[in-house]
Amino acid sequence: MAPRTLRDPSSSHTIGFSSSTLFDPTSSPQQPPSSPPAATSTTSATPNSLDLHCLPPIFVIPAHLDSDAQDEVEEELAASHAPLTYSVHEARLFVGLVRSKKRAALELRTRGLWTEEVVREDKSVQEEVKEKVSRGREGGSEPPRKRVKVDGGVAKEDVETASETEVETASEASETESESAPSDHVPAESTIEPSKGNAEAQYAVDGSSVQLQPHPKSPAEDPPGALQFQDHLRVISLDWLRDSLKAGRVMSVGKYVVYECRAIEKPTAPQRQQTLIPRQQIQKVIPARKAQIAAQHPQSQRQQQPSSSQQILDRARADAGEGPRVNQRYHPRRTGLALDVKKPRSQLLQQTTTPEDASPTNADSGPLPPPPDWVAQHVKYACERSTPADTPNAAFVEQLKRIRLARELRDDDIGVRAYSTSIAAVAAYPHEIRAAREVLRLPGCSEKIATLWREFSGSEDGTVAEAREVDDDETLRTLRLFYNIWGVGAKAARHFSLDKGWKDLDDAVEFGWGQLSRVQQIGVKFYDEFAERIPRSETEHIVQVVREHARRVCPVDPDGIEILIVGGYRRGAETSGDVDVIVSHRKLDATMNLVEDIVAALEQSGYITHTLTLSLQGTSRGQATLPFRSSNGAGLGFDTLDKALVVWQDPEWPGKASAAETNAKNPNIHRRVDIIVSPWRTVGCAALGWSGGTTFQRDVRRYAQAVKGWKFDSSGIRDRRTGKVVDLEGPDGVGRGEGIVDAEKKVFEGLGLVYREPWERCTG
DNA sequence: TCGACGTCGCATTAGT
DNA sequence: ACTAATGCGA
DNA sequence: GTCGA
């Protein structure tokens with residue numbers, strides 16, 4: 001922003017707060033330019049007519065002030081002998097270009113000073129009593145607290161003390177901070193806990209002006225109001241200084257107060273209120289909340305054990321009949337039985353768990369179900385076994401997933417991997433787990449997981465404490481809110497929440513919009529819509545549109561366009577988070593530049609509203625560079641896939657025609673759509689790479705590396721040592737009469753893997 | 001006991 | 001201005 | 001957090 005210096009003709013002082021013009025006119029009495037001249041010297045170093053030495057410690061909030069402007073403000077204050085401080089904790093008064101309470105609180109928070117608002121108003125006795133009562137409600141989610149009036153003599157504790165003693169109520173308060181509408185709070189209980197010493201300055205406005213009068217600040221002489229005033233922190237508009245300078249006298253702070261508050265302790269500590277995930281806050285800027293909360297707690301509708309014992313038996317039988325043999329071919333049987341191998345660990349666990357083992361839930365007295373072959377043989381790659389979506393241990397898996405989410409939010413990617421492995425193993429286990437010993441046999445599951453299982457199986461509600469944290473812990477809830485924005489990962493979520501102190505999307509929109517990357521802005525904009533699940537029918541429709549457009553931009557051989565829907569849809573999910581579709585064509589030329597063309601066409605016809613990213617590394621490298629790509633080892637190599645990650649909205653809706661006049665908006669929900677273009681040569685790899693759950697996909701790579709020494713990625717396979725391309729699909733891909741799925745099967749085969757149907761790849 | 005744990009391209013930021 | 005490092009989604 | 005060198 002261009003600093004504009006505003007010179008006040010009536011004063012020789014330069015008031016260079018560059019953004020004075022931004023001042024909210026309503027918050028500052030407009031002073032006519034003809035106000036009394038203060039006529040003093042021209043340099044700001046020279047003392048002006050103000051005497052501010054009796055002010056409480058004052059802090060200049062630099063927000064929206066360029067350094068020059070900030071200097072000037074500080075100069076003025078210094079020249080007036082104001083007790084300038086640079087410590088937020090020391091300061092009692094804050095001046096700055098701040099116009100809203102929320103912003104003020106954020107500015108302080110950003111500097112490490114957490115506050116809760118103190119509302120002072122002239123309220124009827126009745127109201128006050130009402131509030132006294134409601135104030136005592138259980139500690140958790142109180143609105144900004146109103147102070148009960150206390151004998152002024154007691155009220156001499158400083159802010160630090162006060163805040164320390166009130167930690168418990170502090171943390172939640174900020175959540176409702178800006179909504180200073182406590183009126184509809186129904187008093188639940190009436191434990192009135194007299195607040196220590198921070199008496200409400202009933203006549204605060206008066207108090208503040210008194211305080212500013214030049215009588216020396218001797219505590220003994222301070223009127224009660226002034227003393228109470230010290231408890232409070234106030235953020236006042238810079239207008240106050242400007243007007244004071246203009247007027248040549250110290251204006252009363254009263255009408256310039258933007259935000260009045262008390263310091264509280266930083267509410268990072270885990271909250272102990274776990275049963276209620278209460279409030280939906282009113283959404284102002286973004287109509288997000290309801291959908292968001294619904295989307296975040298879909299599981300809170302209890303999930304019942306999805307497996308009858310009959311099912312288990314069926315499954316056990318099926319598994320015994322099918323899976324194992326084939327695997328054995330590639331994994332020559334090992335000599336030891338699982339039990340032998342794991343024995344030491346089992347014992348260790350049993351030793352610690354003996355008491356529980358007696359309990360009915362995990363009585364392990366009976367023989368355990370025979371372990372599936374992959375368990376017995378310690379087959380550890382998810383791509384080597386069948387993982388259907390419905391597992392008899394869904395409830396436990398769900399707990400593990402929550403813990404994994406907590407690890408993600410804490411930016412512990414190692415933990416994330418570890419839990420992903422465990423989850424994949426448990427999810428693949430075809431029996432309902434009955435004993436901790438069973439858990440220990442699973443690859444990737446050891447003592448920690450077994451311990452969790454014991455907690456899980458012994459609990460009333462089938463949950464574990466660590467998993468509940470994701471919902472209960474305030475910090476994690478906020479992190480998750482940001483993490484769910486497309487384009488925001490663990491790092492950014494933590495930055496927003498922890499460093500910037502944002503608490504919700506409104507904060508991001510109001511205060512951080514400019515700091516968001518382009519895609520993050522899009523992610524915020526469509527926060528709710530992206531959280532909505534996409535039914536299969538809609539996926540099919542979207543893909544149909546993609547197909548038509550692909551045909552349209554491929555005039556030479558439109559019938560050659562081949563399409564496979566991948567992602568969750570292919571795994572059989574009823575709904576998906578996004579649409580993933582692979583587009584290919586047997587003719588190499590046809591896939592060249594195809595993404596760009598498809599995207600352009602879809603933009604043209606109004607389906608694509610935004611393009612998040614466009615990867616053109618592969619085919620569209622341009623005809624010119626094509627020959628050079630062959631330099632890397634084998635043949636005409638396209639290393640990577642072209643892909644487009646876009647935002648999709650169907651431009652057609654029922655009332656559209658008549659809507660033209662009414663200015664109605666397109667009501668169709670925005671969707672995330674990934675369009676992947678693969679050359680035919682590697683379309684099998686693409687299908688394999690885009691169809692599995694994350695863990696399945698990762699394990700394909702690990703497997704290829706460990707077992708074959710290959711490097712797998714969705715655009716092909718090459719030998720790690722030689723760097724040469726491994727052609728599992730044939731030099732030109734599968735031939736006539738064979739399709740994408742056939743190509744995929746060849747890749748499985750070439751890797752030495754049994755083909756897994758897409759719905760067997762639900763590794764979570 | 002200690003290192004590995006999938007891999008890539010794009011976008012943005014940090015560093016020179 | 002350039003390259004290197006980081007964050008991100010898949 | 002688990003596995004394996």
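Per chain, numbering begins at 1; letters A, B, ... match sequence-line order. As the structure is a prediction and not an experimental result, all values here were calculated from the model.
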*With Glu469(A), which of Arg480(A), Arg410(A), Arg402(A) fulfils salt bridge (charged side-chain N to carboxylate O under 4.0 Å, His left out)?*
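With Glu469(A) as partner, Arg480(A), Arg410(A), Arg402(A) yield a single salt bridge (charged side-chain N to carboxylate O under 4.0 Å, His left out), made by Arg410(A).
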
*Salt bridge between Asp727(A) and Arg681(A), side-chain N to carboxylate O under 4.0 Å?*
yes

To the nearest angstrom, how far is [X] atom [atom1] from [N] atom [atom2]?
X: Arg441(A); N: dT2(D); atom1: CZ; atom2: C1'; result: 18 Å
X: Leu616(A); N: dC10(B); atom1: CG; atom2: P; result: 7 Å
X: Arg698(A); N: dA4(B); atom1: CZ; atom2: C1'; result: 12 Å
X: Leu440(A); N: dG1(D); atom1: CG; atom2: C1'; result: 13 Å
X: Tyr703(A); N: dC3(D); atom1: OH; atom2: C1'; result: 18 Å
X: Ile403(A); N: dT2(D); atom1: CD1; atom2: C1'; result: 15 Å
X: Arg404(A); N: dC5(B); atom1: CZ; atom2: C1'; result: 15 Å
X: Lys380(A); N: dG4(D); atom1: NZ; atom2: C1'; result: 7 Å

_Once you measure the plane-to-plane angle for Phe526(A) and Phe530(A), does it fall in the parallel (<30°), tilted (30-60°) or perpendicular (>60°) bin?_
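The rings of Phe526(A) and Phe530(A) sit tilted, inter-plane angle from 30° to 60°.
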
*Could you check whether the rings of Trp374(A) and Tyr429(A) sit parallel, tilted or perpendicular, using 30° and 60° as the cut-offs?*
perpendicular

*Think Arg761(A) forms a cation-pi with Tyr755(A), using NZ or CZ under 6.0 Å from the six-ring centre and within 45 degrees of its axis?*
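Ring-cation test returns yes.
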
_Heavy-atom check, side chain of Val673(A) versus side chain of Tyr607(A), under 4.5 Å_ =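 In short, these two side chains do not touch, never coming nearer than 4.5 Å.
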
*Separation between CD of Glu466(A) and CG of Asp473(A), rounded to the nearest 0.5 Å*: 12.0 Å

*Check each residue of residues 411-420 of chain A for a non-hydrogen atom within less than 4.0 Å of any atom in DNA chain B, then write out the ones that pass by number, or none.*
Ile414(A), Arg417(A)

Out of [options], which has the shortest distance to the side chain of [X]?
X: Asp713(A); options: dC8(B), dC10(B), dC3(D); result: dC8(B)
X: Arg702(A); options: dC5(B), dC8(B), dT12(B); result: dC5(B)
X: Gln705(A); options: dG6(B), dG1(D), dC5(B); result: dC5(B)

Could you go through nucleotides 6-10 of chain C and list every protein N or O atom that sits under 3.5 Å from one of its N or O atoms, giving the distance for each pair?
unit_1  : atom_1 : unit_2    : atom_2 : d
dC8(C)  : OP1    : Gly489(A) : N      : 2.9
dC8(C)  : OP1    : Ala492(A) : N      : 3.0
dC8(C)  : OP2    : Lys491(A) : N      : 3.1
dC8(C)  : O5'    : Gly489(A) : N      : 3.4
dG9(C)  : OP1    : Gly487(A) : N      : 2.9
dG9(C)  : OP1    : Val488(A) : N      : 3.3
dG9(C)  : OP1    : Val488(A) : O      : 3.2
dG9(C)  : O3'    : Trp486(A) : NE1    : 3.4
dA10(C) : OP1    : Trp486(A) : NE1    : 3.3
dA10(C) : OP1    : Arg672(A) : NH2    : 2.5

*With a non-hydrogen cut-off below 4.0 angstrom, is Leu614(A) in contact with a base, only sugar-phosphate, or nothing?*
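It contacts sugar-phosphate atoms only.
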
_Between dG4(D) and dG6(B), how many Å separate the two P atoms, rounded to a whole number?_
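Here dG4(D) and dG6(B) have their P atoms 14 Å from each other.
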
*Look at the side chain of Arg701(A) and the base of dG6(B), then say whether one donor and one acceptor between them are separated by less than 3.5 Å.*
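Result: at least one qualifying N/O pair found.
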
*Spell out, as yes or no, whether a donor-acceptor pair under 3.5 Å connects the side chain of Glu596(A) to the backbone of Asn593(A).*
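Checking the backbone N and O of Asn593(A) against the side chain of Glu596(A), no donor-acceptor pair under 3.5 Å is found.
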
Determine all donor-acceptor pairs shorter than 3.5 Å in which one atom belongs to a side chain in residues 488-497 of chain A; sequence neighbours excluded.
unit_1    : atom_1 : unit_2    : atom_2 : d
Lys491(A) : NZ     : Asp411(A) : OD2    : 2.8
Arg494(A) : NH1    : Leu409(A) : O      : 2.9

